[in-house]
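Since the structure comes first, as structure tokens, the remarks are kept for the end.
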Amino acid sequence: MKTLIKNVKIVNEGQIFESDILIENDLISKIEPSISEDADQIIDGSGKYLLPGVIDDQVHFRDPGLTHKGDIETESKAAIAGGITSFIDQPNTVPNAVTQELLADKYELGAQKAYANYGFMMGGTNDNLEEVLKTNPRNVPGIKLFLGSSTGNMLVDNPETLENIFSSTKMLIAVHCEDEATIRANTQKYLDEYGEDIPVKFHHLIRSEEACYKSSSKAIELAEKTGARLHVFHLSTAKETVLFRNDIPLKDKKITAEVCVHHLTFTNDDYETKGSLIKWNPAVKTQQDKDGLWEALLDGRIDVVATDHAPHTAEEKQNSYTKCPSGAPLVQHSLAVMLENYRNGKISLEKIVEKMSHNPAILFRIEKRGFVREGYKADLVLVDLNADWTVAKDNLLYKCGWSPLEGMNLHSKVTQSFVNGHLVYDNGKINEQKFGERLLFEVQE
């Protein structure tokens with residue numbers, strides 16, 4: 001199978017250049033100014049930009065056990081429509097993926113249901129070190145630890161256990177950092193004042209800057225002490241950004257950071273109109289925090305932009321504060337929202353590609369993905385930067401059927417997505433065959 005894309009502007013490795021690109025089977029075979037080879041399909045890319053497919057390093061696709069909210073099939077379908085061609089899913093499903101057998105079960109689901117390429121994190125708990133150490137670094141992206149109990153019984157709060165995990169594995173350890181004791185004390189204060197129905201506008205004061213900084217600084221201290229590879233998920237405060245460095249290349253960093261699209265988009269002022277739809281853990285915080293996150297993203301202290309895609313039903317999100325789950329769906333819109341920031345002069349196209357495609361590939365050492373290079377897997381996205389549309393219920397692909405972005409006007413659109421050389425999304429139409437593959441990771445001795 002050969003696909004030829006003509007006259008397209010390629011955004012890759014800090015450059016934008018006009019070119020043709022030939023895909024043969026699952027690989028990019030040629031990138032040249034003019035290719036005149038016969039092909040099974042020819043796509044005219046005039047006026048469009050071609051990016052490496054987005055790699056989302058943090059999603060919750062709810063499979064198994066919470067599939068009333070979303071599942072691998074529905075959410076990966078939304079992902080390819082949004083230009084995400086690979087995802088890394090988190091272990092807080094039901095049951096939690098905390099044994100090798102349960103992790104293998106999730107991979108089986110991925111093989112059956114994923115429209116995009118997939119990786120699944122192994123979960124750590126207070127008592128599963130033996131299972132964690134059996135994880136194969138060749139085909140599992142890393143170990144996930146919740147240092148704040150965002151998610152039921154996966155809280156890892158035993159200092160000895162943490163040190164054992166950090167000092168025993170060479171694999172990347174990804175962490176959710178919020179200090180549990182701080183959050184509990186803050187929650188109690190507001191419960192005493194308001195009862196169960198705490199106004200959601202206090203969410204960022206309950207899951208506070210202090211709770212985040214205390215936890216992430218402690219995790220970094222432990223990583224420095226043990227030499228562990230640490231990736232801190234979803235930074236939400238300006239204060240935390242000082243903990244990370246930008247004076248060495250990403251490939252040499254042992255301590256790295258991610259920011260999510262919602263922390264770059266919303267502030268606590270938006271609780272007034274959006275309410276619990278923008279209740280996330282960690283919380284959306286102040287304008288000053290948002291500004292600080294942008295600054296750190298652009299200067300290289302923050303390495304990756306992701307979604308933390310976490311669907312809940314509309315009914316669940318209507319519950320009172322203490323019963324309303326945190327999280328929202330984002331994979332269908334994350335690239336379009338970042339392209340909106342490009343349009344507004346906040347970030348370059350090259351930088352978007354660096355943070356959403358190149359850097360996740362470098363950080364997780366993903367084999368042959370994340371770049372537009374000959375010999376690499378053809379995970380590619382075509383975007384039209386002049387296509388106006390509005391996020392609305394009738395164009396959502398999420399199983400939960402809602403988005404915190406509803407009503408937002410966007411001016412860029414994914415027109416086509418390729419996964420492993422196959423055209424999987426084409427101007428609103430999904431190819432119902434699934435071509436997602438298991439992600440593989442280069443193991444460094």
Side-chain angles (χ1 to χ4, degrees), residues 11-14 16 51-52 54-59 82-84 88 172 174-177 204 209 212-213 216-217 219-220 230-268 270 278 280 282-309 330-331 333-364 370-371 383 405 410 412:
V11 187
N12 187 57
E13 298 182 77
I16 299 178
L51 325 178
V54 172
I55 299 170
D56 193 335
D57 78 351
Q58 191 192 179
V59 305
I84 293 168
I88 294 175
L172 179 141
V175 287
H176 175 127
C177 287
H204 74 292
E209 173 191 75
C212 294
Y213 184 82
S216 47
S217 56
I220 287 166
L230 179 71
H231 184 46
V232 181
F233 274 156
H234 45 46
L235 290 196
S236 64
T237 72
K239 188 174 181 180
E240 288 169 286
T241 63
V242 303
L243 300 168
F244 300 90
R245 57 193 293 191
N246 59 2
D247 58 337
I248 54 170
L250 175 56
K251 66 177 176 53
D252 300 328
K253 288 188 190 183
K254 291 200 89 168
I255 296 168
T256 51
E258 169 211 275
V259 66
C260 290
V261 171
H262 46 280
H263 292 118
L264 297 172
T265 304
F266 297 106
T267 71
N268 62 302
D270 295 305
I278 61 162
W280 275 278
V284 165
K285 295 188 174 65
T286 65
Q287 183 66 47
Q288 188 188 345
D289 289 308
K290 181 177 152 181
D291 293 344
L293 293 168
W294 269 107
E295 190 183 321
L297 178 68
L298 295 172
D299 74 17
R301 283 171 290 151
I302 294 177
D303 306 289
V304 168
V305 172
T307 64
D308 193 15
H309 174 91
L330 269 176
V331 287
H333 303 102
S334 56
L335 177 57
V337 169
M338 291 306 290
L339 291 171
E340 206 60 21
N341 286 302
Y342 156 71
R343 189 185 171 90
N344 297 334
K346 261 190 129 61
I347 187 170
S348 68
L349 289 177
E350 298 94 321
K351 190 62 78 178
I352 290 172
V353 164
E354 178 192 315
K355 301 295 182 180
M356 297 185 85
S357 306
H358 301 338
N359 283 3
I362 294 167
L363 199 153
F364 285 87
F371 295 86
V383 295
L405 305 173
L410 298 167
S412 301

Looking at residues at least two apart in the chain, or sitting in another chain, which of them share a salt bridge (charged side-chain N to carboxylate O under 4.0 Å, His left out) with D289?
none

Check whether the side chains of T237 and K285 place a donor and an acceptor atom closer than 3.5 Å, and report yes or no.
no

Any side-chain donor paired with an acceptor under 3.5 Å for Q287 and D291?
yes

Where do F266 and L405 land on the side-chain contact (heavy atoms from CB on, under 4.5 Å) test, with the steps shown first?
CA-CA 10 Å; F266 297 106; L405 305 173; 3.7 Å; yes

Side chain [X], main chain [Y], donor-acceptor under 3.5 Å:
{"X": "K355", "Y": "L297", "answer": "yes"}
{"X": "H263", "Y": "P282", "answer": "yes"}
{"X": "S357", "Y": "P52", "answer": "yes"}
{"X": "N246", "Y": "D299", "answer": "yes"}
{"X": "H309", "Y": "V331", "answer": "yes"}

Quick one: sort the F371 and H358 rings into parallel, tilted or perpendicular, breaks at 30° and 60°.
parallel

Parallel, tilted or perpendicular for H234 and H176, by the 30°/60° rule?
perpendicular

Whether over 12 other heavy atoms sit under 6.0 Å from E13 CD
yes

At what distance, to the nearest 0.5 angstrom, does CH2 of W280 lie from OG of S236?
12.0 Å

